[in-house]
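Everything below concerns the one structure shown next.
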Amino acid sequence: MSNILEKFIKNKDFLICIDSDGCEIDTMDIKHIKCFGPCMITEWNLEKWRKTILDSWNEVNLYTLTRGINRFKGLAVALTEINDKYIKIEGLDEFLKWTEETLELSNESLEAELEKTNNICIKRALEWSKAVNKSIDLLSDDEKCPFEGVKEAIIAAKKIADIAIVSSANEKAVLDEWSHNGLLENVDIVLTQNIGSKAYCISKLIEKGYDRTKVLMVGDALGDLKAAESNEVLYYPIMVKKEKDSWERFTKEALEKFIGDLYIGEYQEKVINEFRLNLSK
């Protein structure tokens with residue numbers, strides 16, 4: 001278990017875990033459109049097929065049920081399609097194998113794999129990931145703002161619950177964005193991709209003594225829902241293109257149901273059905 005998890009102490013009966021990109025901070029679209037996709041085009045010299053490849057990248061990572069997929073899983077999907085349709089990707093099988101078998105989908109884990117295999121696709125994937133991080137760092141603060149209603153929602157939630165950021169994004173980016181927007185002061189623990197998967201992070205938080213019926217994951221992607229379900233905790237969706245309304249509903253309606261033991265069952269089923277339908281359009 002990481003040091004940050006070892007030090008964390010449960011203070012309240014309720015725990016609310018919140019994803020960052022595309023859920024709390026309005027950065028998901030811009031990071032994929034300006035950073036993730038274009039950096040892949042550059043790293044693998046794919047300019048010839050730029051538009052169709054980027055359209056496909058955005059569809060997979062932003063606008064369908066795979067929204068929020070880990071960056072390396074998303075890259076695996078993209079490179080497989082590119083290999084099948086456009087140009088052979090050297091060393092692809094070894095990279096795909098790593099994405100399926102590694103316990104940690106991070107730069108650090110990929111670096112360790114590169115030392116073992118010296119595989120060209122793994123090397124390029126690492127260079128791509130580092131380039132993405134640099135590109136994200138260059139985005140202006142004005143391009144990394146919270147959705148409307150977020151700050152009020154966190155302040156309201158903090159009164160009744162411990163607050164954890166549970167994100168698969170890069171740790172530095174999450175800390176910078178939440179700090180810059182004055183949100184970090186209402187957060188008790190920050191768990192990002194270097195700690196482990198969202199499901200793993202939630203499971204370790206539960207070990208601090210929370211009742212599963214008093215733990216809520218707030219997210220915008222199917223992966224967030226699956227992380228909640230695998231730990232048998234509750235889930236509240238922030239719906240893509242309806243983020244302001246989702247946060248308003250959280251503060252005015254969902255939070256009260258959560259602490260009143262009225263969330264599980266009919267209400268949760270309703271919001272999850274709406275969430276799935278929204279991503280399936």
Side-chain angles (χ1 to χ4, degrees), residues 20-22 25-102 104-144 167-170 172-173 177 193 220-223 240-241 278-281:
S20 186
D21 287 15
I25 309 289
D26 187 7
T27 48
M28 195 154 164
D29 281 23
I30 200 162
K31 285 180 182 178
H32 280 284
I33 291 165
K34 282 195 171 185
C35 308
F36 283 98
C39 285
M40 179 180 67
I41 296 291
T42 301
E43 183 61 44
W44 274 273
N45 193 23
L46 303 167
E47 197 63 46
K48 184 176 176 182
W49 310 278
R50 184 182 185 90
K51 185 180 186 308
T52 53
I53 287 174
L54 290 183
D55 285 349
S56 181
W57 176 275
N58 294 335
E59 191 71 11
V60 167
N61 290 277
L62 294 173
Y63 305 127
T64 54
L65 288 168
T66 47
R67 174 182 171 83
I69 190 173
N70 172 276
R71 66 169 66 182
F72 296 113
K73 291 278 192 181
L75 182 64
V77 171
L79 292 180
T80 299
E81 182 179 6
I82 290 160
N83 185 70
D84 292 344
K85 287 186 177 179
Y86 307 110
I87 189 172
K88 290 299 171 189
I89 302 296
E90 189 182 349
L92 177 61
D93 288 346
E94 288 82 358
F95 172 67
L96 296 180
K97 187 169 183 280
W98 173 79
T99 63
E100 289 160 9
E101 296 180 359
T102 185
E104 184 184 302
L105 289 156
S106 68
N107 283 6
E108 292 76 15
S109 174
L110 200 55
E111 279 175 350
E113 189 68 17
L114 179 61
E115 284 181 19
K116 285 194 290 182
T117 65
N118 201 30
N119 173 271
I120 184 64
C121 190
I122 286 172
K123 183 173 189 289
R124 286 189 142 180
L126 182 60
E127 291 304 313
W128 165 79
S129 185
K130 288 178 177 177
V132 166
N133 289 347
K134 285 180 183 173
S135 183
I136 288 170
D137 284 343
L138 292 174
L139 293 173
S140 71
D141 289 333
D142 292 341
E143 294 175 295
K144 297 180 279 188
S167 168
S168 58
N170 170 267
K172 181 182 180 298
E177 288 155 17
Q193 67 176 208
D220 63 299
L222 203 59
V240 69
K241 300 194 185 338
N278 193 53
L279 282 178
S280 301
K281 289 176 180 176

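Throughout, numbering of the chain's residues begins at 1 and tracks the sequence. Because the structure is predicted, anything quoted here is derived from the model rather than measured.
- Note that CG of Leu110 and CD of Glu115 are 11.0 Å apart. Values are rounded to the nearest 0.5 Å.
- Closest of all the heavy-atom pairs between Met40 and Ile53 is CE-CG2, 3.5 Å.
- The two residues Ser168 and Gln193 come nearest to each other via the heavy atoms O-NE2, 2.9 Å.
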Side-chain donor/acceptor pairs under 3.5 Å, residues 72-87, sequence neighbours excluded:
unit_1, atom_1, unit_2, atom_2, d
Lys73, NZ, Thr99, O, 3.1
Thr80, OG1, Ala76, O, 2.7
Glu81, OE1, Ser56, OG, 2.6
Glu81, OE2, Lys85, NZ, 3.0
Asn83, OD1, Ile89, N, 2.8
Tyr86, OH, Thr52, OG1, 3.2

Enumerate, atom names and distances included, each donor-acceptor pair closer than 3.5 Å involving a side-chain atom of residues 128-135, sequence neighbours excluded.
unit_1, atom_1, unit_2, atom_2, d
Trp128, NE1, Phe36, O, 3.0
Ser129, OG, Arg71, NH1, 2.7
Ser129, OG, Asn107, OD1, 2.5
Lys130, NZ, Glu111, OE2, 3.4
Asn133, OD1, Arg71, NH1, 3.0
Asn133, OD1, Arg71, NH2, 2.9

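- For the atom pair CG of Leu279 and CG of Leu65, the computed distance is 5.5 Å after rounding to the nearest 0.5 Å.
- With sequence neighbours left out, Lys123 forms a side chain to side chain contact (heavy atoms under 4.5 Å, CB included) with Leu114.
- Nearest approach of Glu59 to Thr64, heavy atoms of both residues: O-OG1, 2.8 Å.
- Leu222 CG to Thr66 OG1: the interatomic distance, rounded to the nearest 0.5 Å, is 8.5 Å.
- Residue-environment remark: CD (Glu143) exceeds the threshold of 12 foreign heavy atoms within 6.0 Å.
- Each of Thr27, Asp21, Asp26 was evaluated against Lys144; a single residue qualifies, Thr27, per the side chain to side chain contact (heavy atoms under 4.5 Å, CB included) test.
- With rounding to the nearest 0.5 Å, the separation of NZ in Lys241 from CG in Asp29 is 6.0 Å.
- For Glu113 and Lys116, the salt-bridge test passes: some basic side-chain N is under 4.0 Å from an acidic carboxylate O.
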What donor-acceptor contacts under 3.5 angstrom involve side-chain atoms of residues 44-51, with partners at least two apart or in another chain?
unit_1, atom_1, unit_2, atom_2, d
Glu47, OE1, Arg50, NH1, 3.2
Lys51, NZ, Asp55, OD2, 2.7

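- Applying the side chain to side chain contact (heavy atoms under 4.5 Å, CB included) test to Asp142 and every residue at least two apart in sequence or in another chain returns Ser140.
- Listed here is the closest heavy atom pair of Lys31 and Ala173: NZ-CB, 4.3 Å.
- With values rounded to the nearest 0.5 angstrom, Ile122 atom CD1 is found 4.0 Å from Thr117 atom OG1.
- Asp220 places no side-chain N or O within 3.5 Å of a backbone atom of Val240 that could act as its donor or acceptor partner.
- Between the CD1 atom of Ile120 and the CD atom of Glu90 there is a distance of 6.0 Å, given to the nearest 0.5 Å.
- Trp57 approaches Gly37 most closely through the heavy-atom pair NE1-N, 3.9 Å.
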Next on the checklist: Show, in sequence, the C-alpha distance, side-chain angles and deciding distance for Ile33 and Leu62, and conclude whether the side chain to side chain contact (heavy atoms under 4.5 Å, CB included) test is met.
Outcome noted: CA-CA 9 Å; Ile33 291 165; Leu62 294 173; 4.3 Å; yes
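- Nearest heavy atoms, Pro38 versus Leu54: N-CD2, 3.7 Å.
- Every residue two or more places apart in sequence or in another chain that forms a side chain to side chain donor-acceptor pair (under 3.5 Å) with Ser106 is listed here: Glu104, Glu108.
- Residues Lys172 and Asp137 are in side-chain contact: their nearest non-hydrogen atoms beyond the backbone lie under 4.5 Å apart.
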Item to check | Verdict with reasoning, Asn170 to Ile136, per side chain to side chain contact (heavy atoms under 4.5 Å, CB included) | outcome: CA-CA 10 Å; Asn170 170 267; Ile136 288 170; over 6 Å; no
